[in-house]
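Quick note: numbers below take in every heavy atom, side chains included, and nothing from hydrogens, waters or symmetry partners. Positions are given from 1, in the same order as the sequence printed here.
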Amino acid sequence: GLQAQFDKALILAGIHQALEEGLMPVSINTSARNIASADFWRGISQMLRDNFSPEEIDGQITFEVLEDDLANNPCREVLLAMKKEIKCHFAIDDFYHDRARHIKDNDGIDSHDWTRLENLKGIIDYVKIDGETVEAALNRQDRFDLEGLVNRIKTVVPQAHIILERIKDADQAHALSHVADAVQGLHLTKNRADFQRDLVDAKHNFPPRPIEAKLF
């Protein structure tokens, strides 16, 4: 019963920290079950207006919806009003996260994430592809059709931006740049200017040299 209160505290603290450290815009995870709670989002809207100026938050916040719930009954009117009022964005995190399990079980069931995507149509601005699915698209022996997945996503949410999780370096980012708008990864810690230069190098060196090849 306290999950919603914890989420509100996390959102408030996260935005305060991002503003203090000059890290805006900010993206904050929230439980998908909150998507069905109109009272939760009305409370969030009021909390944001009470604690921050429009200049600080308008267009600066993205709420990432986790995969722990299918968001079967999203409070669409409230979420759309919130997007209009404070220009916030919404993202589906870890999309296609259950792909590997269904393949392992050989159950013939497609990802349940399609239900989430359909139910949040018109609300979702970003779709973040699960890291395991991204890695499968880079597998040379048994390559997953990531472009086909993205094309299917675009038929549901054509305006959504595609983000690839668990990208390890600029070479991987360039290799999949034709299907993505942005990349994310634990090891991509350089500032954006440095990473842009890495992408230029990756483009000129594509395909990348084998790891075992060394220059002396």
Side-chain angles (χ1 to χ4, degrees), residues 14 18 21-29 59-67 83 87-100 102-103 110-111 113-114 116-117 120-216:
E21 298 182 11
L23 298 176
M24 297 294 276
V26 66
S27 184
I28 302 175
N29 285 6
Q60 298 296 301
I61 304 170
T62 297
F63 296 104
E64 292 189 22
V65 183
L66 302 176
E67 76 277 1
K83 285 167 67 74
K87 304 177 181 65
C88 65
H89 308 287
F90 289 91
I92 285 186
D93 198 15
D94 298 330
F95 189 84
Y96 227 51
H97 72 288
D98 50 3
R99 165 189 168 274
H102 290 313
I103 290 176
D110 203 354
S111 172
D113 283 339
W114 294 109
R116 277 199 300 162
L117 195 67
L120 295 173
K121 186 163 48 178
I123 294 170
I124 289 299
D125 304 285
Y126 302 97
V127 178
K128 298 177 66 177
I129 308 296
D130 183 70
E132 286 191 4
T133 298
V134 174
E135 289 176 344
L138 293 163
N139 187 326
R140 294 182 181 180
Q141 282 71 42
D142 185 22
R143 186 165 295 171
F144 173 72
D145 181 16
L146 184 62
E147 186 171 1
L149 174 67
V150 171
N151 288 339
R152 183 178 172 186
I153 291 171
K154 289 289 190 177
T155 64
V156 182
V157 285
Q159 303 304 317
H161 298 281
I162 305 298
I163 301 174
L164 304 183
E165 299 179 348
R166 213 181 292 181
I167 291 292
K168 292 183 173 60
D169 53 39
D171 286 323
Q172 289 188 356
H174 174 69
L176 297 177
S177 61
H178 63 292
V179 298
D181 299 294
V183 296
Q184 183 179 36
L186 290 176
H187 304 292
L188 304 181
T189 55
K190 297 179 181 179
N191 65 47
R192 283 175 169 77
D194 288 341
F195 187 64
Q196 290 294 333
R197 284 191 287 270
D198 288 346
L199 281 176
V200 172
D201 291 339
K203 180 179 180 180
H204 289 308
N205 293 326
F206 190 81
R209 301 180 183 90
I211 294 175
E212 62 271 18
K214 297 180 181 179
L215 297 178
F216 293 93

Considering only heavy atoms from C-beta outward, does the side chain of [X] approach that of [Y] to under 4.5 Å?
{"X": "D94", "Y": "E165", "answer": "yes"}
{"X": "I163", "Y": "I129", "answer": "no"}
{"X": "Y126", "Y": "H89", "answer": "yes"}
{"X": "Q60", "Y": "K87", "answer": "no"}
{"X": "D93", "Y": "D130", "answer": "no"}
{"X": "I28", "Y": "T62", "answer": "no"}
{"X": "V134", "Y": "I167", "answer": "yes"}

- prompt: Is K83 paired with D125 through a side-chain N to carboxylate O contact shorter than 4.0 Å?
  reply: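 Yes, D125 and K83 are salt-bridged.
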
- request: Determine, step by step, whether F90 and L120 satisfy the side chain to side chain contact (heavy atoms under 4.5 Å, CB included) criterion, reporting the C-alpha distance in whole Å, the side-chain angles of both residues, the deciding distance to 0.1 Å, and the verdict.
  value: CA-CA 9 Å; F90 289 91; L120 295 173; over 6 Å; no

Which heavy-atom pair separates [X] from [Y] by the least distance, and what is that distance?
{"X": "A202", "Y": "A170", "value": "CB-O, 3.6 Å"}
{"X": "M24", "Y": "A18", "value": "SD-CB, 3.5 Å"}
{"X": "R143", "Y": "A137", "value": "CG-O, 3.1 Å"}
{"X": "A160", "Y": "V127", "value": "CB-CG2, 4.1 Å"}

task: Could I get the full list of side-chain contact (heavy atoms from CB on, under 4.5 Å) partners for S111, not counting sequence neighbours?
output: Y96, D98, D113, W114

- request: Tell me, please, which residues at least two apart from D169 pass side-chain contact (heavy atoms from CB on, under 4.5 Å).
  value: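 By the side-chain contact (heavy atoms from CB on, under 4.5 Å) rule, D169 matches D171, Q172.
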
- request: Could you go through the side chain to side chain contact (heavy atoms under 4.5 Å, CB included) check for H97 and E132 one step at a time?
  value: CA-CA 7 Å; H97 72 288; E132 286 191 4; over 6 Å; no

message: Once rounded to the nearest 0.5 Å, what's the spacing between atom OG of S27 and atom CD1 of I61?
response: 10.5 Å

- line: CD1 of I124 to CD1 of I92, rounded to nearest 0.5 Å, is 4.0 Å

message: Strictly distance-based, threshold 3.5 Å: is any side-chain N or O of D181 a donor or acceptor partner for the main-chain N or O of I162?
response: yes

query: Can you check whether V65's main-chain N or O pairs, donor with acceptor, with R116's side chain at less than 3.5 Å?
result: yes

Counting only pairs under 3.5 Å, give me each side-chain donor-acceptor contact of residues 144-151, with atom names and distances, residues two or more places apart or in other chains.
unit_1 : atom_1 : unit_2 : atom_2 : d
D145   : OD1    : G148   : N      : 2.9
N151   : ND2    : E147   : O      : 3.3

message: Is it true that, when you exclude K203 itself, more than 12 heavy atoms of the residues, nucleotides or ligands shown sit nearer than 6.0 Å to its NZ?
response: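 Count not over threshold, so no.
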
message: Please determine whether side chain to side chain contact (heavy atoms under 4.5 Å, CB included) holds for the pair F95 and T133, giving the CA-CA distance in whole Å, both sets of side-chain angles, and the decisive distance to 0.1 Å.
response: CA-CA 9 Å; F95 189 84; T133 298; over 6 Å; no

